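All heavy atoms count here, side chains included; hydrogens, waters and symmetry mates do not. Sequence lines set the chain letters: A, B, ... in the order given, protein chains first and strands last, and positions in each chain run from 1. Note that this is a predicted model, so its numbers are computed, not measured.
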Amino acid sequence: MQLLNLTTLDAILDPHDRALTATPPSSRFATAKRSHLAGELRAAHVGAKVILGGWVHRTRNLGGIVFLDLRDRGGLVQVSFDPKWTPADVIGRAGRVGLETVITIEGEVAARPQEMRNPEMETGDIEVRATDFRIVGPADTPAIPVARGRGEKLPAEELRLKHRNLDLRRSDLQRNIILRHRLQQATRRYLDERGFLEIETPILTKPTPEGARDYVVPSRVHPGEFYALPQSPQLYKQLLMISGFDRYFQIARCFRDEDLRADRQPEFTQIDIEASFIEPDDIISLTEGMLGVLFKEAGREIPQHFERLEYAEAMERYGSDRPDVRYALELFDASDAFRGSDFAVTNSVLAGGGRVRGLKVPGGAVLSRKEVDEIEAIAKSAGAGGLIRIKRTASGLEGPAAKFLSETGAERLGLAEGELGLFVAGSDYVTNPALDRVRQHVAQIMSLVPENKDSFLWVTDFPMFIREQNGTLSSVHHPFTAPNPEDLSLLDSKPERARALAYDVVLNGTELGGGSIRINDPALQRRVLGLLGVDESTAKARFGFLLDALSAGAPPHGGIALGFDRISMMLAGATSLRDVIAFPKTTAARALFEDAPSVVPPEDLRELHLQTMTS
RNA sequence: GGGGCCGUAGCUCAGUUUGGUUAGAGCACUCGACUGUCACUCGAGAGGUCGCGGGUUCGAGCCCCGUCGGCCCCGCCA
């Protein structure tokens with residue numbers, strides 16, 4: 001029957017509870033002060049006497065009769081004040097009420113005559129005929145408008161953040177925040193059903209030696225000592241495994257004191273998961289199922305299983321460990337085509353052990369000189385020395401480097417007519433990032449990115465370590481990641497060749513999360529820390545508690561952490577994290593609404609044994 | 001740390017190219033008119049430290065230097 005039909009709005013409120021629409025006269029949002037949400041009223045409520053409470057969204061005062069759109073969490077409803085059913089003094093007061101005033105109204109839900117229905121409103125088939133109303137929360141003229149005129153742009157983001165209480169009244173943000181709530185609840189249901197325990201871990205914790213900068217909190221009772229806010233609950237969740245909780249999760253707040261971007265906030269939320277007696281496949285299928293549930297919550301169907309790509313292959317084919325595989329445009333090794341040519345640039349690179357790699361742009365021969373120059377600028381900004389460009393037109397190969405190629409070289413390139421070949425010469429450290437950027441940019445300008453396609457991907461077999469400029473090793477994932485047992489022997493001989501039991505999940509070129517199997521053998525953990533240049537005494541000071549715990553009977557365990565804000569952002573169709581976080585920070589990590597950070601009185605500093613530097 | 005864009009009425013913007021009288025518009029606000037609107041309509045009015053500081057100039061919203069704030073990107077960060 002029609003009462004059970006879920007409208008879009010009902011789905012936003014809660015798709016798991018159909019009671020809302022099944023029994024229209026009563027609402028689960030009823031309280032002592034109101035009977036329904038304004039936005040939940042439908043034709044099924046016609047005849048119901050209602051009391052509503054909400055904000056004045058817009059008013060239309062026609063003189064003898066007044067219309068007022070009342071807004072609450074559920075949406076908008078038109079309230080009509082008409083001498084036929086409203087006392088004259090009530091109409092008079094209603095005609096003077098200001099925007100964003102909080103009012104309660106009493107009235108009856110009535111069907112609108114056919115010609116007065118508003119198909120653009122969810123509640124457009126009905127209106128509430130007011131018999132009385134009261135102002136319960138007077139409002140100053142809003143600093144930024146909540147109801148905007150058609151085509152009017154949003155206020156500057158600075159103002160939206162400064163007046164966040166008003167900005168959050170907008171339906172877009174309300175929808176995002178409600179979606180985020182539903183994703184959180186879906187996460188909890190999914191993991192709870194599978195026996196995962198939600199366990200909180202400390203916010204005041206120990207500084208982490210590597211990775212990002214910590215947010216630091218001074219200790220009052222221990223002069224000169226500091227807590228740090230967690231960059232992630234990594235060590236705690238391992239300790240929980242060692243304690244035997246077996247399956248843990250947390251929707252955990254994490255803190256990193258680094259410079260920000262549209263998709264990076266100083267405090268952010270991870271879905272943090274850890275389990276014992278598992279292998280990567282356990283975490284991978286658990287994550288696939290969970291993402292399926294989360295995407296379904298936003299109305300999107302995704303594959304049950306995702307493609308997998310080994311790290312080395314991802315780098316070879318795409319130049320990136322999180323490739324966007326919605327489009328092909330794969331990289332290839334063109335070294336053989338340039339070998340033996342008279343081209344000094346490629347010859348010196350090839351002689352030095354580097355390679356010439358690139359990609360073929362179908363139809364790229366028509367790109368203008370200016371457009372290709374732009375691509376080159378991008379390649380250079382990513383570290384390339386330059387961009388070699390060769391295109392095949394009806395008259396043959398063209399481009400500054402074409403003349404250097406021998407006939408067999410040209411053949412080896414394998415360019416089809418109309419194709420543009422773009423190449424970078426150098427070591428893989430140079431060509432990978434440069435060609436990654438080139439590939440993404442070319443996909444954009446050639447419109448190769450499919451609009452409505454989701455390409456999920458697991459990138460597996462990450463290396464354990466990366467060799468830094470100064471020659472030292474550092475972890476690709478983190479120092480607790482287990483090496484692939486097959487590569488244990490490489491740890492001492494060629495550590496940078498050793499693969500880790502680590503995996504990242506990638507959607508359309510964006511990393512959603514990553515994880516690994518952890519080391520549960522204290523001797524191996526010491527060995528890995530040693531390779532990272534952490535000597536025994538430092539290891540004891542920084543990770544002693546973990547090493548001790550590993551020695552106390554640690555099960556094999558591993559897990560994953562997913563960027564919850566980023567997932568929410570993608571599912572909300574937002575382009576900034578700030579639009580899925582109720583109270584976000586600016587790119588300078590400032591909170592404009594409450595004005596944080598701010599100075600503290602000198603006496604507070606003294607109590608914390610702190611002194612600020614003046615220069 | 002570096003690069004780019006932006007800052008004019010409560011809000012969204014025009015005016016800056018080429019310095020020149022009193023800095024404009026729409027929405028919001030105030031007052032008035034209007035009995036079926038839905039971005040109601042119509043009339044009148046009030047509203048400005050042109051982000052801030054300095055400089056050039058007879059004269060600066062406009063040019064120059066600095067600075068603050070916001071956004072985007074690189075570095076940084078998984």
Trainee: Looking at B:C31, does its base get a donor-acceptor pair with the side chain of A:R96 below 3.5 Å?
Mentor: no

Trainee: The side chain of A:R261 is closest to which nucleotide in this list: B:C71, B:G75, B:C38?
Mentor: B:G75

Trainee: Can you check the A:R117 CZ to B:U37 C1' distance for me, whole Å?
Mentor: 16 Å

Trainee: Is A:R264 touching bases, backbone alone, or none of the nucleic acid, heavy atoms closer than 4.0 Å?
Mentor: base

Trainee: In terms of side-chain heavy atoms of A:E120, which of B:C77, B:A39, B:C40 is nearest?
Mentor: B:A39

Trainee: Reckon A:R58 touches a base, only the sugar-phosphate, or nothing at all at heavy-atom distances under 4.0 Å?
Mentor: sugar-phosphate

Trainee: Which nucleotide, if any, forms a Watson-Crick or G-U wobble pair with B:A28, using both distances under 3.5 Å?
Mentor: none

Trainee: Between A:R326 (side chain) and A:V449 (backbone), is there a donor-acceptor pair under 3.5 Å?
Mentor: no

Trainee: Which of these nucleotides, B:C40, B:C72, B:C11, is closest to any side-chain atom of A:R578?
Mentor: B:C72

Trainee: Within the distance-only criterion (no hydrogens, no angle test), does the side chain of A:R322 pair as donor or acceptor with the backbone N or O of A:E511 below 3.5 angstrom?
Mentor: no

Trainee: Would you mind telling me which of B:C77, B:C11, B:C38 lies closest to the side-chain atoms of A:P155?
Mentor: B:C11

Trainee: Would you say A:R261 and A:T587 make side-chain contact, with heavy atoms under 4.5 Å?
Mentor: no

Trainee: Let me know the distance between CZ of A:R148 and P of B:A39, rounded to the nearest Å.
Mentor: 14 Å

Trainee: Any donor-acceptor pair, under 3.5 Å, between the side chain of A:D259 and the base of B:C77, if you only look at N and O atoms?
Mentor: no

Trainee: Take atom CD in A:Q444; do more than 12 heavy atoms of anything else shown fall under 6.0 Å from it?
Mentor: no

Trainee: B:C40 C1' sits how many Å from A:E127 CD, rounded?
Mentor: 15 Å

Trainee: Going by number, which of residues 230-239 of chain A have a non-hydrogen atom under 4.0 Å from RNA chain B?
Mentor: A:Q231

Trainee: What nucleotide, of B:A28, B:C38, B:G1, holds the atom closest to the side chain of A:L99?
Mentor: B:A28

Trainee: CG of A:N61 versus C1' of B:A28: gap in Å, rounded?
Mentor: 16 Å

Trainee: Checking A:R129 against A:E127 for the salt bridge (charged side-chain N to carboxylate O under 4.0 Å, His left out) test, could you report, in this order, the C-alpha distance in whole Å, the side-chain angles of both residues, the deciding distance, and whether it holds?
Mentor: CA-CA 6 Å; A:R129 298 184 166 171; A:E127 65 179 8; 3.4 Å; yes

Trainee: Quick one: label A:Q78 by what it contacts on the DNA or RNA (base, sugar-phosphate, nothing), any heavy atom closer than 4.0 Å.
Mentor: base

Trainee: Any non-hydrogen side-chain atom of A:L571 less than 4.5 Å from a side-chain atom of A:L183?
Mentor: yes

Trainee: Could you check which nucleotide pairs with B:U67 in any of the strands shown, counting Watson-Crick or G-U wobble with both distances under 3.5 Å?
Mentor: B:G51

Trainee: For residues 426-435 of chain A, which residue pairs qualify under side-chain hydrogen bond (donor to acceptor under 3.5 Å, both in side chains), counting only residues two or more places apart or in two chains?
Mentor: A:R355-A:D428, A:R357-A:T431, A:R357-A:N432

Trainee: B:C71, B:G36, B:U12: which one has an atom nearest the side-chain heavy atoms of A:L159?
Mentor: B:U12

Trainee: Between B:U37, B:U12, B:C76, spot the one nearest the side chain of A:K153, thanks.
Mentor: B:U12

Trainee: Nearest whole angstrom, please: distance from the C1' of B:C38 to the CG of A:D125.
Mentor: 14 Å

Trainee: Looking at A:S232 and A:Q234, would you say the former's side chain and the latter's main chain have a donor-acceptor pair under 3.5 Å?
Mentor: yes

Trainee: Could you give the CD1-to-C1' distance, from A:I65 to B:G36, as a whole number of Å?
Mentor: 5 Å

Trainee: Ignoring the backbone of A:L161, work out which of B:C40, B:G10, B:C71 is nearest its side chain.
Mentor: B:C71

Trainee: Can you tell me how far C1' in B:G10 sits from the matching atom in B:U56, rounded to whole Å?
Mentor: 35 Å

Trainee: Given atom CG of A:D579 and atom P of B:C71, what is their separation to the nearest angstrom?
Mentor: 12 Å

Trainee: Across the strands shown, which category fits A:V66 at heavy-atom distances under 4.0 angstrom: base, sugar-phosphate, nothing?
Mentor: nothing

Trainee: Between B:G70 and A:R160, counting only base atoms on the nucleotide and side-chain atoms on the residue, is there a donor-acceptor pair under 3.5 Å?
Mentor: no

Trainee: Taking the basic N atoms (NZ, or NE/NH1/NH2) and the acidic carboxylate oxygens, is any pair closer than 4.0 Å for A:R213 and A:D257?
Mentor: no

Trainee: Whole-Å distance between B:G10 C1' and A:K162 NZ?
Mentor: 12 Å

Trainee: Side chain of A:S80, heavy atoms from C-beta onward: which of B:G70, B:U12, B:G36 has the nearest atom to it?
Mentor: B:G36

